[in-house]
Amino acid sequence: MKKHWLIKSEPDVFSFDQLWKVKKRTTPWDGVRNYQARNFLRDEMRVGDGILYYHSSCTPPGIAGLAEVASAAYPDPTQFDVEDPHHDPKSERSDPRWFAVDVRAVEKLPRFVTLDELRGRESLASLRVLQRGNRLSITPVTASEWRTVRSMGGL
DNA sequence: GCCAACGTTGGC
DNA sequence: GCCAACGTTGGC
């Protein structure tokens with residue numbers, strides 16, 4: 001059973017358009033350093049799962065496009081790289097603490113769906129990204145929420 | 001830049 | 001195990 005997710009990215013760091021332009025429209029989703037997000041990533045994400053690509057810390061925040069999980073989870077290489085800002089000295093190669101998956105852009109939404117629009121939909125009231133204080137960078141989305149956002153985006 | 005919310009750390 | 005201190009996130 002295909003699952004759906006929402007992942008956050010700051011467009012200044014890595015926008016949906018940038019993902020669209022890289023080779024195979026695919027990039028490692030690494031640097032996740034939150035245990036709850038790590039567990040989703042490692043234990044629940046499957047190749048082919050749908051992803052809402054959310055732009056945060058920008059004006060306006062919102063959903064820019066659709067992506068998909070393009071690999072199984074694998075140990076995040078940045079945790080072992082001393083040069084990398086996400087280096088984790090406490091993580092052992094024999095027992096990696098952090099994981100990554102590859103993410104592939106699938107469809108750019110004809111219309112960017114702003115956070116305000118998402119808030120305006122009764123049927124999206126339980127979307128995690130709308131809850132106050134929500135900081136998780138990877139959250140599950142129901143199939144019906146997925147369809148709603150997709151159609152709001154003009155697909 | 002502000003600040004509320006939240007996760008993590010570490011002393012006890 | 002408690003909890004204060006601290007760092008980060010992210011909308012505004």
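Keep in mind that this is a model prediction, so the values were computed, not measured. Each chain gets a letter, A, B and so on, in the order the sequences are listed, and its residues count up from 1.
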Nucleotide-resolved protein contact map, nucleotides 1-11 of chain C, B/S/- at heavy-atom distance under 4.0 Å: ------BBBBS
Ring-ring centroid check A:W98 A:Y35, cutoff 6.0 Å: yes
Those residues that, when tested against A:Y53, pass ring pair (Phe, Tyr, Trp, His ring centres under 6.0 Å) (two or more places apart): A:F16, A:W29, A:H55
Electrostatic pair A:D76:A:R33 at N-O distance under 4.0 angstrom: yes
Identified side-chain contact (heavy atoms from CB on, under 4.5 Å) counterpart of A:V103 within the set A:L19, A:T26, A:D30: A:L19
Scan the side chains in residues 115-126 of chain A for donor-acceptor partners under 3.5 Å anywhere in the protein, sequence neighbours excluded, and list what turns up.
| residue | atom | partner | partner atom | Å |
| --- | --- | --- | --- | --- |
| A:E117 | OE2 | A:T114 | N | 3.0 |
| A:E117 | OE2 | A:T114 | OG1 | 3.2 |
| A:R119 | NH1 | A:L130 | O | 3.2 |
| A:S126 | OG | A:E145 | OE2 | 3.3 |

